[in-house]
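Below is one structure; the comments refer to it alone.
Side chains included, hydrogens not; waters and symmetry mates left out as well; all remaining heavy atoms used. Remember, predicted model here, so these are calculated numbers, not experimental data.
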Amino acid sequence: MDSQKRPISRAGFDALAAELKQLKEIEMPAIHKAVAAARELGDLSENAEYSSAREKQRHVNKRMNFIESVISNAEIIDTANLSGDRIIFGAYVVAEDEDGKKIECQILSDIEADGKSVISCTSPFGRALIGKCVGDSCTVKTPSGDKEYDILSVEFK
């Protein structure tokens, strides 16, 4: 596993930490009870409740391991303290493509990205925007070909 620190906003980090706490303190104890109760029903080979509880346990364990990995490699960036006129992690950006279609988004981590209003700093679009200022343009490589964007505004909120 790579040990390189990865940027994440304070809000994104706090949300992951809260989810991990929920999984460890509420979900897993409930799953352990469900597994124990299903075991008491007898033959485990044909016990749907047991199989279901074990599958949920695997899913929750996988999610907890993922979150722990993200948290251990996180470089928390407090976006509330950022400013400037250059696009960096945490910036709110308005860009316009050559067809006049405007995109308004914030540049954050891949964990926080939704592909619409929050764009990953490691995505092709995010990488193309990083370092640009208002008035600059950038080219984004898309599956349908290169697309040109003009930067209309850069803000930090």
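Here ring pair (Phe, Tyr, Trp, His ring centres under 6.0 Å) pairs that include residues 98-122, with residues two or more places apart or in two chains, number zero. Judged as a ring pair (Phe, Tyr, Trp, His ring centres under 6.0 Å), the pairs with a partner in residues 105-138 (not counting sequence neighbours) are, in order, Phe125-Tyr149. Sequence neighbours left out, the pairs with a member in residues 122-136 that pass side-chain hydrogen bond (donor to acceptor under 3.5 Å, both in side chains) are Ser120-Thr122. The stretch residues 129-148 participates, sequence neighbours left out, in no ring pair (Phe, Tyr, Trp, His ring centres under 6.0 Å) pair at all.
Applying the salt bridge (charged side-chain N to carboxylate O under 4.0 Å, His left out) test to Lys56 and every residue at least two apart in sequence or in another chain returns Glu27. In this structure, Asn61 has no side-chain hydrogen bond (donor to acceptor under 3.5 Å, both in side chains) partners at least two apart in sequence or on a different chain. The side-chain hydrogen bond (donor to acceptor under 3.5 Å, both in side chains) test applied to Ser72 returns no partner, not counting sequence neighbours. Every residue two or more places apart in sequence or in another chain was checked for a salt bridge (charged side-chain N to carboxylate O under 4.0 Å, His left out) with Glu98, and none qualifies. For Lys24, the side-chain hydrogen bond (donor to acceptor under 3.5 Å, both in side chains) partners are Glu68, not counting sequence neighbours. For Glu148, the salt bridge (charged side-chain N to carboxylate O under 4.0 Å, His left out) test picks out no residue, with sequence neighbours left out.
Val140 is connected to Leu129 through a chain of hydrophobic side-chain contacts under 4.5 Å among Ile, Leu, Val, Met, Phe, Trp and Tyr, so both are in one cluster. One hydrophobic cluster holds both Ile76 and Phe66 under the rule that ILVMFWY side chains link at heavy-atom gaps under 4.5 Å. Linking ILVMFWY side-chain heavy atoms closer than 4.5 Å, directly or via other members, places Ile77 and Val154 in a single hydrophobic cluster. Under the 4.5 Å side-chain contact rule for hydrophobic residues, Val118 and Ile151 share a cluster. Put simply, Ile71 and Leu23 are part of the same group of oily side chains (I, L, V, M, F, W, Y) that touch within less than 4.5 Å, one to the next.
Note that OG1 of Thr79 and CD1 of Ile107 are 12.5 Å apart. Values are rounded to the nearest 0.5 Å. Note that CG of Asn73 and NZ of Lys5 are 6.0 Å apart. Values are rounded to the nearest 0.5 Å. Between Lys102 atom NZ and Leu152 atom CG the span is 6.0 Å, to the nearest 0.5 Å.
For the pair Lys62 and Arg58, the minimum side-chain heavy-atom distance is 4.5 Å or more. Between Leu20 and Met64, the closest side-chain pair of non-hydrogen atoms falls below 4.5 Å.
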Name every donor-acceptor pair, under 3.5 Å, that has one atom in a side chain of residues 7-18 and the other anywhere in the protein, sequence neighbours excluded.
from, atom 1, to, atom 2, distance (Å)
Ser9, OG, Gly12, N, 3.0
Ser9, OG, Glu112, OE2, 2.2
Arg10, NH1, Asp14, OD1, 3.1

Could you tabulate the donor-acceptor pairs under 3.5 Å formed by side-chain atoms of residues 85-97, not counting sequence neighbours?
from, atom 1, to, atom 2, distance (Å)
Arg86, NH1, Gly131, O, 2.4
Tyr92, OH, Gln106, OE1, 3.3
Asp97, OD1, Asp99, N, 2.9
Asp97, OD1, Gly100, N, 3.1
Asp97, OD1, Lys101, N, 2.9
Asp97, OD2, Lys147, NZ, 3.4

